[in-house]
Trainee: 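Before we start, here is the structure in question, set down as structure tokens.
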Amino acid sequence: STPDYRDSGLEFPAGFLFGSATASYQIEGAVTEDGRGPSIWDTFSHTPGRVLHGHTGDVADDHYHRLDADLDLMQRMGLEAYRFSIAWPRIQAEGTGRPNEKGLAFYGRLVDGLLARGITPIATMYHWDLPQALEDEGGWRNRDTAFRFADYAHHLGEALGDRIHTWTTLNEPWCSAYLGYGSGVHAPGVANGAAALTAVHHLNLAHGLGLQALRSTVTRPETQYSATLNLHMIRGDERAEQASQEEAIRRIDALANRAFTGPMLRGAYPADLLQDTASVTDWSFVRDGDLEQIHQPIDVLGVNYYSTVTVRMWDGHSPRSTADGHGDSAGSPWPGSDDVEFVEQPGPYTDMGWNIAPDGLEQLLMDLHEQFPELPLMITENGAAFPGDEVVDGRVDDPLRIDYLRRHFTAAHRAMQRGVDLRGYQVWSLMDNFEWAYGYTKRFGIVHVDYESLERTVKQSGHWYSELIRTRRIPE
Ligand code: GBH
């Protein structure tokens, strides 16, 4: 293997699930149709100043109306799996009560359409589109939201349970909590450290309660249960002293990673996390018995990986680096750790400004394997936005994306060679879509979407991926 991870020819084992991922609000559109209620992302994107250029998900990729054509496209591309998310407000417009049959029917058609085409469905129950009615009651700051989520999970299990290969409770609760309630760059746009940590706990509780509600309805024994985390691959800034690096890494690891893996996989919040955040909250929102509810067995852990972060402790006087990747926002996504500095990383960078670090993926997978040797892993998102994707004579040349994917598939392969039980890889994203606070300005797709005509064009990276899937080897 070459040190820059630019390998070809490496072979992936039979059974390894090659697929691609999307999320409801980012692709569906049709936000007022068939009984869908508003979500926090409808409210947020329609609030001036929140999303770049005032973009919204009102139309997005119009996937809701183009379901069959999109399914055919997935089949032509040879996808073995498709990871999608279910919009809670399509199932319960206000987050409570009887499920909306039309909403369930849409996802039923999606799942049946996948199965008919031999594509394995991987369903995420929550990818950030909380019903606005629940936010009006406090959203993830409100403990009751976790119980509402369990009801919702129960309905999903009853309607779709036996047709889903892998269920994921939450996508990246880190983002929901810290970007939604800490920095405020995501919906609902609250900037308050205590609110963010309260949300962390209620999201964890939702995971545990939701998993139990789902399991109680599903009879198919092979069904897999999971959560998807965006674990941070954290490195120390080598220009700083060893102690400064270690302290900063420990602090960010506690907030970003162990705040979720602790309760979900070990049944406890890390003691250092509680101490580090003591000036922000006393954690009294954690009640007796909660940790038992959260600590449910899962069959596979979903890993979303894009980049690394590099940290050191701020010395208190030199100008602070602002390279925390979150732009200028009112709040911090790191409650109680404002003295940790995120430093500029070596490029090259993607269009998001994230540095390209396939070695970080290999290391993250190895670290997880060491910490949780019995737990199978699945890459539930990896991919990149690059500028310049455009259709010329029916073709989209995106060599940078091919290079990015090649290097990250190589990294994943190396980790598997070193003993990691990696079950599959879902490329983010199947098609260009609403990239949250960046609107339609960042393109992550392996399929190009023309936002005027909504026409889809498979990019060269998409063709490259089809060849990888067909041959099970990383192409030239
Ligand atoms: C995912 O979020 C989402 O699940 C998906 O919906 C989204 O479209 C996709 O990725 C692309 O953004 O920001 O410098 O601290 C990923 C969000 C990206 C947040 C990496 C944490 C860590 C580096 N994460 N980021 S930095």
Side-chain angles (χ1 to χ4, degrees), residues 20-28 39 41 45 51-52 55 57 60-61 83-85 87 122 124-129 168-180 182-183 185-187 227-235 248-249 252-253 255-257 260 302-311 321-329 332-334 337 340-347 349-357 360-361 364 379-386 401 404 408 426-446 449:
S20 191
T22 63
S24 47
Y25 189 70
Q26 295 181 271
I27 64 165
E28 285 177 359
S39 82
W41 270 97
S45 66
V51 173
L52 210 57
H55 289 169
D61 292 338
R83 173 178 181 254
F84 61 95
S85 81
I122 301 175
T124 300
M125 297 196 280
Y126 183 74
H127 198 128
W128 310 352
D129 36 8
T168 297
T169 52
L170 308 175
N171 176 72
E172 302 191 347
W174 181 88
C175 292
S176 300
Y178 296 109
L179 302 184
S183 70
V185 301
H186 279 188
T228 277
L229 302 177
N230 61 312
L231 296 167
H232 280 57
M233 179 63 236
I234 310 158
R235 291 174 166 168
I249 292 172
I252 297 308
D253 182 46
L255 281 163
N257 301 335
F260 302 100
V303 176
N304 289 358
Y305 178 82
Y306 290 92
S307 186
T308 55
V309 292
T310 301
V311 296
S321 160
T322 52
D324 68 354
H326 303 286
D328 309 312
S329 58
S332 163
W334 304 108
S337 280
V340 175
E341 198 175 8
F342 288 74
V343 305
E344 191 79 34
Q345 305 187 80
Y349 308 99
T350 70
D351 200 19
M352 301 298 287
W354 302 340
N355 76 310
I356 301 174
L361 174 59
L364 177 63
I379 295 173
T380 38
E381 286 180 28
N382 172 252
F386 288 105
R401 186 172 291 99
Y404 181 98
H408 287 80
Q426 311 309 317
V427 170
W428 186 270
S429 176
L430 175 63
M431 48 190 163
D432 295 335
N433 59 46
F434 177 80
E435 177 50 31
W436 307 114
Y438 296 89
Y440 298 99
T441 64
K442 307 291 181 193
R443 294 180 178 271
F444 275 88
I446 53 176
V449 176

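Start at 1 and go down the list; that is how both ligands and their atoms are numbered.
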Trainee: Taking ring-ring contact (aromatic ring centres under 6.0 Å, His included) as the definition, give me every residue that meets it alongside Phe386, ordered by chain and number, with sequence neighbours left out.
Mentor: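 Expected list: none.
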Trainee: For ligand 1, which is the ligand I care about here, please tell me if Glu435 has any N or O atom under 3.5 Å from one of the ligand's N or O atoms.
Mentor: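 N/O-N/O distance below 3.5 Å exists for this pair.
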Trainee: Counting only nitrogen or oxygen atoms and a 3.5 angstrom limit, does Asn171 reach ligand 1?
Mentor: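 So ligand 1 has an N or O lying under 3.5 Å from an N or O of Asn171.
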Trainee: Within the structure, does Trp436 bring an N/O atom to less than 3.5 angstrom of an N/O atom in ligand 1?
Mentor: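 It does: an N or O of Trp436 is found under 3.5 Å from an N or O of ligand 1.
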Trainee: Any nitrogen or oxygen of His232, main chain or side chain, under 3.5 Å from a nitrogen or oxygen of ligand 1?
Mentor: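 In this structure, His232 places no N or O atom under 3.5 Å from an N or O of ligand 1.
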Trainee: Would you mind running through ligand 1 and noting each atom that sits below 4.0 Å from a heavy atom of His127?
Mentor: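 Every atom of ligand 1 under 4.0 Å from some heavy atom of His127: 3 (C), 4 (O), 5 (C), 6 (O).
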Trainee: What about Trp174 and Trp128, are their ring centers closer than 6.0 Å?
Mentor: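 No; Trp128 has its ring centre 6.0 Å or more from that of Trp174.
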Trainee: Is a donor from one side chain sitting under 3.5 angstrom from an acceptor on the other, for Tyr25 and Asn433?
Mentor: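 Looking only at side-chain atoms, Asn433 and Tyr25 do not form any donor-acceptor pair under 3.5 Å.
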Trainee: Compare Phe434, Tyr306, Trp354 and give the one whose heavy atom is closest to atom 10 (O) of ligand 1.
Mentor: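 Ranked by closest heavy atom to atom 10 (O) of ligand 1, first place is Tyr306.
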Trainee: May I ask which of Asn304, Ile234, Asn230 has a heavy atom nearer to atom 19 (C) of ligand 1 than the others do?
Mentor: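 Heavy atom nearest to atom 19 (C) of ligand 1 belongs to Asn230.
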Trainee: Glu381 to ligand 1: N or O pair under 3.5 Å?
Mentor: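 Yes - when backbone and side-chain N and O of Glu381 are compared with those of ligand 1, one distance drops under 3.5 Å.
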Trainee: Who pairs with Phe84 by ring-ring contact (aromatic ring centres under 6.0 Å, His included), at least two apart in sequence or on another chain?
Mentor: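 For Phe84 the ring-ring contact (aromatic ring centres under 6.0 Å, His included) partners, ignoring immediate neighbours, are Tyr82.
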